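Owing to the predicted nature of the structure, the values given are computational and were not obtained by experimental measurement.
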Amino acid sequence: MKLIHLSDLHLGKRVNEFSMLEDQQYILAEILRIIDREQPDGVLVAGDVYDKSVPSAEAVALLDDFLVRLSGRALRTFLISGNHDSPERMAFGGRLMADSGVHLAPVYDGQVRPITLTDEYGPVDIYLLPFVKPSHVRRCFPEREIVSYTDALSTAVEAMEVDTARRNVLVTHQFVTGAARCDSEELSVGGADNVDVSVFDPFDYVALGHIHSPQRIGRETVRYCGTPLKYSFSEAGHQKSVTVVELGEKGRVSVNAVPLIPRRDLVELRGTYQELTFRGSYQGTSCPEDYVHITLTDEEDVPDAVHKLRIIYPYLMKLDYDNSRTRAGVPLDGEEDVRRRTPPELLAEFYEQQNGQPMGEEQEAFAREWMERIWEEEEE
C-alpha cells in the first residue's frame with residue numbers, strides 16, 4: 001500500500017508581510033502532479049492545514065479546491081487538525097465528506113476508531129489523532145493522572161487498543177523529543193510539549209506534523225515530512241519534499257522523499273550595496289523572482305536601502321546589516337529614542353503619520369484600555 005504524507009500547509013500564511021497564497025496554490029498543484037505520477041492509495045495530511053484558527057476566505061477556498069481535486073482521484077484522503085487549526089472547524093462536514101473519500105478527524109473525545117484500507121497483504125488500519133494537549137485528554141479520562149504530553153499521548157494511544165498483529169498507521173500532530181525545530185514554528189516554554197517517541201511503538205508508520213523540516217525520529221518509520229514551502233529564512237538551505245510511504249507485508253515499510261520545486265525560493269544574499277546592485281550579481285545565487293533576505297556589509301547605512309534594492313529584488317523580504325556597528329550592538333539613529341517611548345506614544349505617532357492628524361481623546365482612551373487588557377491577559 002502506498003501513502004503520501006503531507007503536513008503543515010499553513011494555508012493563508014504571511015511571511016514578512018508577503019502573502020504566500022499564490023505560492024501555496026502553485027505548490028498544491030505540484031503535489032497533485034506528484035500524486036498522479038505516484039498513484040498512491042491514500043494521502044495523509046498531518047495538521048496545521050491553515051495558519052490561523054479562523055482562516056481567511058481565500059485560504060478556505062484553496063483547501064476546498066485541493067480536497068475536491070483529491071476526491072476526484074482513486075484514493076482516500078486523511079486529514080487532522082494541528083495546533084494552528086480549529087478542531088471544530090476542521091471537523092465540520094466530516095461525515096458527509098467521508099462518502100467522497102475525504103476523512104476528517106473529529107474533535108477528540110477519547111475514542112479514535114481506525115479507518116481500514118485493504119491491499120494484497122490484508123488490512124491497514126489508519127488512526128487519526130488531532131493535536132491534543134494534556135487537558136484535552138484529561139477531560140476524557142478523569143481517572144488517569146495526566147500531567148505531561150507524553151502522559152496524554154500514551155493514554156490516547158492505549159485507548160485505541162491497537163491490534164499490533166495488523167499493519168497500523170498513525171497520523172498525528174505533536175512535538176516528539178529530539179526533533180530539530182525551525183524559526184517558523186511555534187515554540188513552547190522549556191520543551192513542555194515534548195512527547196517521547198516510545199509512545200508510538202504500536203504503529204508501523206507514524207505520519208507526524210508540527211515540525212517544518214523533514215526528519216526521522218528514533219526509527220525510520222516515525223517521520224516529519226516538513227512543510228511543502230519554506231516559511232522562514234532558517235529553512236533557506238532545506239530541500240522541501242513530500243514523503244512517499246510504501247507498506248508491504250507486516251514489518252516491511254519503505255520511505256522515499258520526492259522533491260518539491262517552489263514557484264519562488266527563499267534565498268539569503270550578503271555583500272555591500274554596490275556588490276548587490278551590480279547587474280547580474282545574483283546569477284548562480286538566486287533569481288529576481290525569489291524571496292530574498294539581504295545582509296549588507298557596508299559600514300555606513302544606505303539611505304532608503306529597501307526601496308532601492310527592491311528595484312532589482314522585487315521580493316525583498318528582509319534587510320539587515322553586519323558591520324562594526326551591529327556587531328557592537330550600537331542602535332541605528334533614532335532606535336534608542338524609540339525604545340524609550342511608551343507603546344501609546346508610538347501608536348499615536350504612527351496614527352498621525354498614516355492619517356495626517358492626531359488621535360482624538362476618545363481614540364487614545366480606547367487604545368490605552370485595550371493595551372492594558374492585552375497586557376493583563378499575557379500576565380495571567
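Listed for the R89 side chain is no donor-acceptor partner under 3.5 Å among the backbone atoms of V54. With hydrogens and angles ignored, the 3.5 Å screen pairs no side-chain donor or acceptor of E58 with any backbone N or O of G12. Under a 3.5 Å cut-off, the side chain of K318 and the backbone N or O of N16 do not form any donor-acceptor pair. No donor-acceptor distance shorter than 3.5 angstrom exists from the side chain of D265 to the backbone of D290, with no hydrogens or angles considered. D298 places no side-chain N or O within donor-acceptor distance of the main-chain N or O of T272, the cut-off being under 3.5 Å.
Within the 4.5 Å cutoff, the side chain of D320 has no heavy atoms near those of the T326 side chain.
There is no side-chain donor-acceptor pair under 3.5 Å between T150 and S148. No side-chain donor from either of E268 and T295 sits under 3.5 Å from a side-chain acceptor of the other. In this model, a donor atom of one side chain and an acceptor atom of the other lie less than 3.5 Å apart for S213 and Q215. In this structure, a donor-acceptor pair under 3.5 Å is absent between the side chains of T155 and E158. Using modelled atom types, one finds no donor on one side chain facing an acceptor on the other under 3.5 Å when comparing S154 with D151. Using a 3.5 Å distance cut-off with no hydrogens or angles, the side chains of H210 and Q174 do not pair a donor with an acceptor.
Residue V49 is not grouped with residue Y108 when hydrophobic side chains (ILVMFWY) are merged at heavy-atom distances under 4.5 angstrom, including chains of intermediate members.
Shown are I31, T77, V43; of these, the side-chain contact (heavy atoms from CB on, under 4.5 Å) with F66 is made only by I31. Checking each of D85, L104, L44, L128 against I80 for a side-chain contact (heavy atoms from CB on, under 4.5 Å) leaves exactly one that passes, namely L128.
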Check the pair K240 / E235 against salt bridge (charged side-chain N to carboxylate O under 4.0 Å, His left out), numbers first and verdict last. CA-CA 9 Å; K240 296 301 183 179; E235 303 166 56; 2.8 Å; yes

Would Y291 and D23 count as a side chain to side chain contact (heavy atoms under 4.5 Å, CB included) if you check the C-alpha gap in whole Å, the side-chain angles of each, and the deciding distance to 0.1 Å? CA-CA 11 Å; Y291 294 117; D23 302 84; 2.7 Å; yes

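Cation-pi geometry between R167 and Y121 is not met at under 6.0 angstrom from the ring centre and within 45 degrees of the axis. Annotation: cation-pi geometry satisfied between K13 and Y231 (NZ/CZ under 6.0 angstrom from ring centroid, within 45° of ring axis).
Relative ring orientation between H10 and H84 is described as perpendicular, the plane-to-plane angle rising above 60° on a 0-90° scale split at 30° and 60°. Relative ring orientation between Y127 and F203 is described as perpendicular, the plane-to-plane angle rising above 60° on a 0-90° scale split at 30° and 60°. Relative orientation of the F131 and H136 rings is perpendicular, given thresholds of 30° and 60° on the angle between their planes.
When all heavy atoms are compared, the tightest approach of P40 to I35 is CD-O, 3.2 Å. Here the shortest heavy-atom pairing between L11 and Q24 reads CA-OE1, 3.4 Å. The two residues Y224 and A179 make their nearest non-hydrogen contact at CE1-CB, 3.7 Å.
Y313 OH to L269 CG: the interatomic distance, rounded to the nearest 0.5 Å, is 5.5 Å. Atom OG1 of residue T221 and atom CG of residue L170 lie 11.5 Å apart, to the nearest 0.5 angstrom. Note: N323 CG to D301 CG = 6.5 Å, rounded to the nearest 0.5 Å. Remark: R327 CZ to Y321 OH distance equals 14.0 Å, nearest 0.5 Å.
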